[in-house]
Structures are given as structure tokens and as C-alpha cells.
Amino acid sequence: MEKKVTPFAGQSSFAKEISSLVQTLSGNNASVLLIGERGTGKRLIAQHIHYSAAGNLGYFFEINCRSFTEAQILGAFETVSRLIAYDQKITLFVCFADRLTITLQNAFLELIKKVTEKNLNFRIISSVEKPLEEAVKAGAFLSDLYCRLNSVVLNILPLRQRKEDILPIAQSYLESFSKKSGFDFTSYSEGAKEALVSHFWQGNADELINAVQRAFIVGEPPVISETDLGLAEAGLSSAVNETVDGMGEDKSLKTAIDSFKKEYLTKILEENDWNQTKTAAVLGIQRTYVIRLMNELHIRRQ
């Protein structure tokens, strides 16, 4: 039976580029390294690459290095090794690959060498939240394995950096949940749409899925309202708690605002490799104002 995968919805240039790359990658067995924050859809992209090529055939194995034990990971490697003899498409998706111990990295490398020698129809897709170069330099990740995994590198942008994709993705989940649940939700109110687009989405697509699922529980069909999503309450509570926890004795409003500004601006600067022009574009302000805030809040690159 053919595996059904929810489309990687979106209207941004990034989404269109990913869709195009998926089609290109499905036509070969190049190893792919996906880099992006948790919840950005790395698993979904891996599935798309596999099933676009395999159709009704092939095996898609997923190893979660954050939750699997060492014995489970070694067992999965052994299972894949046994299946190599069969003439079917095999995709091994290793998520949180940077969590592999050196022992497991060596086992992974041996598996890759074994497959390469036999020139079989086998693909490896790995995912990490941060680039691996620093781990390689520190000796925490094998350079030989890294070279084998990064034939093609895709940097997956977080939702807050591709806001034009938020509503299409939210609509695709609404339609999917409606079919599965039998609740006839058809659309979002204008207030809900504004809330979806303006939310920070720290948890990316995972957080978006939770918000839509919540709306299905508390809302009334056919339209999802802003309050059904629960975004204002969740976002405000999280931001306030984090800010207050770091304030110490001084809990004045000015100190709270400055603290939040500093944390927020620092995070956006880090996401854009401290490029002030890109940071200004993400924040929707002038570059000169970014510089002014950095000076006022004593923000310096570490």
C-alpha cells in the first residue's frame, strides 16, 4: 500500500525550492543532511524524498538517536544490513545524528562502507538541529562519517522566517484533522489567521500541530477562532515566565521589557549569524535601529 504523506505546504521561495529539491533527490541515492530546529519538518522532507522515489515499494527506516537506546540503534543497523541483499529501495533516516556515541558512529560508518561496496539502492538521510562542523573539530563526531553524510545539505528555515507558509501549512493540517476526526472544520477566522501569522512559533510545525489539535477539541465547527488556538495565553505565559525567572530582585516593567528585548534580539541575531541587515529584515525594522538596540542593551557577539 502506498504511503500517504502530508504535502510540504507553503508559498515561500524556500518551500518551492524544497519541493523542487525533493523531486531532484528522489531520482538518485545521494546522502542528505537536514539541518534545522526541532519541529521544522525534517522527517516530513525525508519521507517525501523516499516515497517520491519508491512509490509503493521500498523500506523507510527511522532511527531516533535521542530516544533509542544503543542496543536498539545497533539492532536497527543490523536489520538494515540483512535487508541489503534484497533488491528494494531502502532509506535509513537517522534523526538527531549528533547524539550518536563514537561507538555507534563507527557502526554507522561500517554499515555505509558495506553498502557502498555493493553499490545497492540505499539512501541515508540524517538530521541535526545544528551544523556538525564544531562537533567534528572537537572530536565528538567522526570526520569520515560526516563526509559520508553531507553529500547534499539542506538548511531548513524555522516558521518565523517564512511567515507566508504558516497559513497554507495550518490549512493543510485543518483538512487532514477534519478527515480523521469527522469534525467539519473548514477555515480559520480572520483573528485566528492574524494570530497564526504573528506568533513566534518556538516549536515550529510541532507547536502549530498542537495549536490546531487544541482548536479541534475546544472549538465549534466550522470555523476555528483565535481563542480556540490558545496561542496568546501559551506564548505570553512562556515569555513572561522566562523573563521573570532571570530578573532577580529588580522586577520593574522597564527591566522586564529590556530583558525580553535583549533575549529576543540576541536570538534573532544568532539565527542570522549576527548579520544585522538580515536581522533587521526578520524583525521588520531598520538596520540602524538594530545597531542602536545592540548598543543600548549591551549585546555583543560571544
Side-chain angles (χ1 to χ4, degrees), residues 10 12-15 34-42 96 98 128-135 137-138 140 153-167 169-170 191-208 210-211 226-227 229-302:
S12 67
S13 57
F14 165 78
L34 305 173
I35 304 174
E37 293 179 8
R38 195 173 307 178
T40 48
K42 298 186 289 296
F96 298 101
D98 51 330
V128 293
E129 293 183 5
K130 296 180 179 180
L132 289 171
E133 285 84 356
E134 290 301 318
K137 290 179 182 177
V153 178
L154 301 184
N155 289 286
I156 315 302
L157 297 179
L159 277 181
R160 58 186 171 277
Q161 291 187 15
R162 47 188 181 99
K163 288 184 177 292
E164 58 266 57
D165 291 342
I166 293 174
L167 293 182
I169 293 173
K193 290 179 181 178
E194 291 177 7
L196 285 166
V197 173
S198 62
H199 191 66
F200 187 74
W201 297 117
Q202 181 69 38
N204 293 291
D206 287 350
E207 185 182 359
L208 177 54
N210 289 338
E226 179 180 357
T227 54
L229 296 167
L231 296 178
E233 178 182 350
L236 180 59
S237 176
S238 176
V240 169
N241 287 338
E242 289 180 9
T243 299
V244 171
D245 288 344
M247 286 178 64
E249 296 296 326
D250 185 359
K251 290 182 171 56
S252 67
L253 182 60
K254 182 180 185 307
T255 301
I257 292 173
D258 286 348
S259 178
F260 180 77
K261 279 183 179 180
K262 183 172 184 177
E263 290 181 14
Y264 183 68
L265 180 54
T266 301
K267 181 173 181 59
I268 302 303
L269 281 163
E270 288 175 346
E271 289 178 355
N272 290 278
D273 198 27
W274 291 82
N275 184 300
Q276 295 169 356
T277 301
K278 291 181 179 179
T279 298
V282 171
L283 296 173
I285 60 178
Q286 297 295 318
R287 177 175 175 271
T288 52
Y289 189 42
V290 171
I291 297 172
R292 175 183 158 190
L293 285 173
M294 290 177 68
N295 290 330
E296 289 179 355
L297 301 171
H298 307 290
I299 297 174
R300 297 289 183 272
R301 184 171 189 172
Q302 300 299 320

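As the structure is a computational prediction, the values presented were derived from the model and not from experiment.
Within 6.0 Å of NZ in Lys278 there are 12 or fewer heavy atoms belonging to other residues, nucleotides or ligands.
Here the shortest heavy-atom pairing between Ala170 and Leu196 reads CB-CD1, 4.0 Å. When all heavy atoms of Arg160 and Trp201 are compared, the closest pair comes out as NH1-O, 3.5 Å.
Distance check, rounded to the nearest 0.5 Å: CG of Leu159 to CD1 of Ile166 gives 5.5 Å. Here NZ of Lys193 is found 12.5 Å from CG of Leu229. Values are rounded to the nearest 0.5 Å. To the nearest 0.5 Å, atom CD1 of residue Ile169 and atom CD of residue Glu164 are 10.0 Å apart. With values rounded to the nearest 0.5 angstrom, Glu270 atom CD is found 10.0 Å from Leu265 atom CG. Note that OG1 of Thr279 and CG of Asn272 are 4.5 Å apart. Values are rounded to the nearest 0.5 Å. Rounding to the nearest 0.5 angstrom, the gap separating the CZ atom in Arg38 from the CG atom in Asn204 is 11.0 Å.
With hydrogens and angles disregarded, a donor-acceptor distance shorter than 3.5 Å links the side chain of Lys42 to the backbone of Gly36. No side-chain donor-acceptor contact under 3.5 Å links Arg162 to the backbone of Phe14. Asn275 places a side-chain N or O within donor-acceptor distance of the main-chain N or O of Thr277, the cut-off being under 3.5 Å.
Residues Asp165 and Ser12 bring a donor and an acceptor atom of their side chains to less than 3.5 Å of each other.
A 4.5 Å side-chain heavy-atom check between Glu37 and Asp206 finds every atom pair outside the cut-off. The shortest side-chain heavy-atom distance between Glu207 and Gln202 falls under the 4.5 Å cut-off. Inter-residue side-chain proximity for Lys130 and Asp98 is flagged as unmet; no heavy-atom pair is nearer than 4.5 Å.
Of the residues Asn155, Thr40, Leu132, the one that meets the side-chain contact (heavy atoms from CB on, under 4.5 Å) test with Ile35 is Asn155.
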Which pairs of donor and acceptor atoms, one on a side chain in residues 288-297, lie under 3.5 Å apart (sequence neighbours left out)?
from   : atom 1 : to     : atom 2 : distance (Å)
Arg292 : NE     : Glu296 : OE2    : 2.9
Asn295 : ND2    : Ile291 : O      : 3.3

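A salt bridge links Lys267 to Glu271: one of the charged nitrogens lies within less than 4.0 Å of a carboxylate oxygen.
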